[in-house]
Amino acid sequence: MTSADGERDTLDVAVLRQAVHLLYERNSPDVELPSPSAEFLLFAMARLLESIATSLERGDDVAPDVRENAERIARHIEHYIDIYLPLEK
């Protein structure tokens, strides 16, 4: 692994973990979710992103398309979560 790969892994892990934090934060009793299945979807997505982040931290091989899509999803969550699931009611 090159230095650039290590820096990319660190950045990707940070982006994924931030999205996980936001998903768990919005999946609390204080937030009114639009449907009963939304709770499951938020937890499932958080667990999926957490698993990918953990794999990157361990240095496991993560397929490039999985990594790119996970980062895309995480950035989308970070950008739009306040619109779709605001903390304030």
Side-chain angles (χ1 to χ4, degrees):
M1 179 188 322
T2 67
S3 174
D5 290 339
E7 289 173 14
R8 164 114 195 247
D9 286 351
T10 301
L11 176 62
D12 287 351
V13 167
V15 168
L16 297 175
R17 295 227 185 266
Q18 174 63 20
V20 169
H21 169 76
L22 291 169
L23 289 170
Y24 281 131
E25 177 183 62
R26 303 309 162 98
N27 205 4
S28 72
D30 299 338
V31 178
E32 186 176 327
L33 297 175
S35 73
S37 61
E39 179 181 4
F40 170 77
L41 291 173
L42 291 175
F43 274 131
M45 182 57 65
R47 286 192 301 269
L48 178 63
L49 295 176
E50 181 70 28
S51 296
I52 294 168
T54 300
S55 292
L56 289 170
E57 284 179 327
R58 283 194 308 248
D60 296 347
D61 287 332
V62 176
D65 58 334
V66 171
R67 179 188 196 127
E68 289 168 18
N69 283 307
E71 184 179 353
R72 185 175 296 122
I73 291 166
R75 291 191 185 283
H76 182 86
I77 289 167
E78 186 174 11
H79 186 76
Y80 289 105
I81 198 159
D82 287 328
I83 295 167
Y84 297 117
L85 290 172
L87 278 174
E88 298 178 5
K89 292 183 180 179

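Since we're looking at a predicted model, the values are computed, not measured.
Nearest approach of Asn27 to Glu39, heavy atoms of both residues: ND2-O, 3.1 Å. Across Leu23 and Ala46, no two heavy atoms sit closer than the pair CD1-N, 3.7 Å. Taking each heavy atom of Leu56 and Asp12 in turn, the nearest pair found is CD1-CB, 3.9 Å. Smallest separation of non-hydrogen atoms from Ser55 and Val62: CB-CG2, 3.8 Å.
Interatomic distance, OG1 of Thr54 versus CG of Leu16, reported as 9.5 Å (0.5 Å rounding). Within the model, atoms CG of Leu49 and CG of Asn69 stand 11.0 Å from one another, a figure rounded to the nearest 0.5 Å. How far CZ of Arg47 is from CG of Leu42: 10.5 Å, rounded to the nearest 0.5 Å. Taken to the nearest 0.5 Å, the CZ atom of Arg26 stands 8.5 Å off from the NE2 atom of His21. Considering CD of Gln18 and CD of Glu25, their distance stands at 8.5 Å, rounded to 0.5 Å. Note: Asp60 CG to Ile52 CD1 = 11.5 Å, rounded to the nearest 0.5 Å.
Comment: Glu71 engages Arg75 in a salt bridge, judged by a side-chain N to carboxylate O separation of less than 4.0 angstrom.
Classified by interplanar angle (parallel below 30°, tilted 30° to 60°, perpendicular above 60°), the ring pair Tyr84/His76 is parallel.
Counting heavy-atom neighbours within 6.0 Å of Asp65 CG, excluding the residue itself, gives a total above 12. Around atom CZ of Phe40, no more than 12 heavy atoms belonging to other residues, nucleotides or ligands sit under 6.0 Å away.
In terms of hydrophobic clustering, with Ile, Leu, Val, Met, Phe, Trp and Tyr side chains grouped at heavy-atom distances under 4.5 Å, Leu41 and Ile77 are assigned to different clusters.
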